[in-house]
Each structure stands twice: as C-alpha cells, then as structure tokens.
Amino acid sequence: MTTSSSERGVSLGMPELPAPAYPDDVRARLETDAREIIARYPDSRSALLPLLHLVQAEEGHVTRTGMQFCADVLGLTTAEVTAVATFYTMYRRRPSGDYQVGVCTNTLCAVMGGDAIFEELQEHLGVGNGETTGDGKVTLEHIECNAACDFAPVVMVNWEFFDNQTPASAKRLVDDLREGRPVTPTRGARMCTFKETARVLAGFPDERDGAVESGGSAGPASLIGLKLAKGEASPARVVHPRGEAARTGAPHEPSPTEHLSSHDAPQDTSASDPAHPAGPTAEEGE
C-alpha cells in the first residue's frame, strides 16, 4: 500500500500566490507616510526598518502584503525585505495581542524569579510562549534580556519597563491590561497598544499627553559607570545583607528619576520567592 504526498504532509513545492494588495485607500495613506520616512535618509533603502514598523502599525504584524509594500516603495526585492523582517525579533510574523508581555528569563532575571513569573503567567493566562489570549489582548513571550538587570526580575510590555516584579505583581499587571484599566510603566508614559507603539517606532510623533516628558531612562545602578567616566563622584553607601541590619531614618521617598509604577512589586525582597531572600547566608569559604 502506498501513501500519497498529501497524506504524508509533504509539500509539493508549489509556488506561493502573490501577496494580496492593500485596499486603495490604505495604500495611498501608507505611501504618504512612507514618502515622509524615506525623505529622512540619503539612501532610500536605509528606510526599511522604520517602514517595517509602519506596516506593522497597520496590521499588528508584518504580513506578506506589508513586505511587498516595502519592497515596492524602496525598489527592493521581497527576498531582501524578508531577510530583514525575519532577522529582527521586534517584527512580528503572525497576529498578536494588543500588549506584548515579555518576561526576561536570562540568567540574572531567571535566578531572581523570572522563570517563576513566566511559568505562573502561562498558567494564569492559559497560553504558551508566543501565544495570545483568546480576547486578543495579551501575547506572552520569554525574552533573553530586557537590558535592565539592576531591576531584576523585569517584565516588558510593548517595550516599556515594569521593574522588580513578582508573580503576583505580574498577574495583576496582565489582568489590568486585559480589563482596560490604566497602566503606567516604571519608566515611561502610560501604556498604548502595540500598533500605536509601532507607529512611534516608525518615527512619527507620540501623541499621548505627557509622553515625551515622562520618557524612561536607565536606573541609577546602570549609570554608575557613566558617572565615573565623567569624573562625577558617587556617594558611598553600605549595603547590609537583608535581615542583618535594622533600617534607620525616615522611609526613602523615590525621586522623579526613581519613579515606581503602581505595578511594581514591593522591594523588601527582589526575589520572587519570599522563602529564599537575596543576600549572602554564610561567610565566604563556609
């Protein structure tokens, strides 16, 4: 008995049909935006990255139609555009949620609780890595590094930071996103959707009230090396292992540069598991 190619799930290598075109009104609008983007560069092909953000802002991910559009306006082949779109993880290749929730599971965040956060969010949302909730609100993914190790473990939503997270604070965060409640990141403006974020990344003005003024920045620990390089003295401080020194003086009030989001976890311990607080438990060599 023989088995056909279709029964074995083997592709016969049939060529893919051309990508469908954008409706005329959508294409005309995108062409206007594309001309503005291309005019910023001396070489038109340098505009490819922001143009991919532009088409991503239109559909929520980079479709074959979007890549064909980029190829047409830049005079490139679709193979050249596809090579770029598939190289960078910031471009989505399939439909995704309004909010891209990325949990850092690289070494530092992982040992500080990132793995626990990711596992509990998968169970809480009922999705796996790269999957989207049924309401189309949240896409969950693990990220290798959010470049904010001094605030580990870190969760990022549409490229905005939520620092010092725990499973409880992360679950509260995604619940608020799904319910449409106001959410403000630790460092940055009020949350907007992934499509809106993509348009800003394409180089168009961020129209949210106060977005520019509340733009995020690196944390103090990240900037120490820069301060030293500039010859700026940093105040000396003594850090005691948790539980070995009583706190003295008035509670610390965060400065504007240390703004805390309402979704940040309490910072008495930076570990997601209270049973295993951070800090040395024995002298070196014991």
Side-chain angles (χ1 to χ4, degrees), residues 13-102 130 132 136 139 141 143-148 156-161 185 187-218:
M14 298 297 291
E16 195 171 27
L17 294 175
Y22 283 124
D24 291 342
D25 60 328
V26 173
R27 185 177 179 92
R29 172 166 47 79
L30 290 177
E31 285 178 343
T32 299
D33 289 339
R35 284 193 293 270
E36 181 178 340
I37 293 172
I38 294 170
R40 302 171 189 159
Y41 299 90
D43 185 342
S44 64
R45 69 184 297 141
S46 299
L48 178 54
L49 294 180
L51 281 178
L52 286 169
H53 283 299
L54 176 66
V55 297
Q56 185 160 248
E58 183 66 31
E59 300 180 83
H61 66 295
V62 177
T63 63
R64 292 175 57 237
T65 298
M67 288 190 285
Q68 183 65 62
F69 172 82
C70 292
D72 291 344
V73 298
L74 294 177
L76 301 174
T77 66
T78 54
E80 290 173 307
V81 175
T82 302
V84 174
T86 55
F87 180 81
Y88 293 104
T89 58
M90 59 190 175
Y91 300 121
R92 309 298 172 181
R93 297 299 312 284
R94 58 183 179 180
S96 55
D98 292 334
Y99 301 100
Q100 303 281 334
V101 177
T132 303
T139 297
E141 61 180 351
I143 296 177
E144 284 304 310
C145 184
N146 276 330
M156 186 176 275
V157 182
N158 294 354
W159 320 132
E160 300 285 4
F161 290 105
R187 291 165 281 140
R190 176 184 54 81
M191 289 301 308
C192 61
T193 66
F194 184 69
K195 288 183 179 181
E196 293 169 329
T197 301
R199 184 167 178 81
V200 173
L201 292 174
F204 293 96
D206 191 335
E207 298 178 351
R208 293 173 291 169
D209 291 338
V212 176
E213 294 79 1
S214 59
S217 64

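Just so you know, residue 1 is the first one in the sequence shown, and it goes up from there.
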From CA spacing to verdict: side chain to side chain contact (heavy atoms under 4.5 Å, CB included), Val62, Arg92: CA-CA 6 Å; Val62 177; Arg92 309 298 172 181; over 6 Å; no
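- Between atom CD of residue Glu160 and atom OG1 of residue Thr197 there is a gap of 7.0 Å, rounded to the nearest 0.5 Å.
- In this structure, Leu51 CG and Cys70 SG are separated by 5.0 Å, a value rounded to the nearest 0.5 Å.
- Applying the salt bridge (charged side-chain N to carboxylate O under 4.0 Å, His left out) test to every pair with at least one member in residues 64-75, sequence neighbours left out, gives these pairs: Glu16-Arg64, Arg27-Asp72.
- For the atom pair CZ (Phe69) and CG (Leu30), the distance works out to 5.0 Å, reported to the nearest 0.5 Å.
- No donor-acceptor contact under 3.5 angstrom links the side chains of Glu36 and Thr32, judged on distance only.
- Taking Val84 as the reference, Leu48, Leu49, Leu52, Tyr88 meet the side chain to side chain contact (heavy atoms under 4.5 Å, CB included) condition, with sequence neighbours excluded.
- In this view, Thr63 and Tyr22, Glu59, His61, Thr65 satisfy the side chain to side chain contact (heavy atoms under 4.5 Å, CB included) rule, not counting sequence neighbours.
- Panel note: side chain Thr132, backbone Thr139; no donor-acceptor pair is recorded below 3.5 Å.
- Distance CE/Met90 to CH2/Trp159: 8.0 Å, rounded to 0.5 Å.
- Judged as a side chain to side chain contact (heavy atoms under 4.5 Å, CB included), and not counting sequence neighbours, the contacts of Ser46 are Tyr41, Asp43.
- Of all the heavy atoms in Gly60 and Ser96, the pair that sits closest is O-OG, 3.7 Å.
- In this structure Tyr91 satisfies the ring-ring contact (aromatic ring centres under 6.0 Å, His included) test together with His53, sequence neighbours excluded.
- From Ile38, atom CD1 reaches atom CZ of Arg45 across 12.5 Å, with rounding to the nearest 0.5 Å.
- Arg93 is listed as a side-chain neighbour of Met67, based on a closest heavy-atom distance under 4.5 Å.
- Between Tyr99 and Val157 the shortest side-chain heavy-atom distance falls below 4.5 Å.
- Taking CZ of Arg29 as the start and CG of Leu54 as the end, the distance is 8.5 Å to the nearest 0.5 Å.
- Among Thr78, Val73, Val55, Val81, the single residue meeting the side-chain contact (heavy atoms from CB on, under 4.5 Å) criterion with Gln68 is Thr78.
- Of all the heavy atoms in Thr82 and Thr86, the pair that sits closest is O-OG1, 2.7 Å.
- Smallest separation of non-hydrogen atoms from Phe161 and Asn146: CE2-O, 3.1 Å.
- Between the side chain of Asn158 and the backbone N or O of Gln100, at least one donor-acceptor pair lies under 3.5 Å.
- Evaluation of the salt bridge (charged side-chain N to carboxylate O under 4.0 Å, His left out) test over residues 194-205, restricted to residues two or more places apart or in two chains, returns Asp33-Arg199.
- A pairwise comparison of heavy atoms in Ile37 and Ala47 identifies CG2-CB, 4.0 Å as the closest pair.
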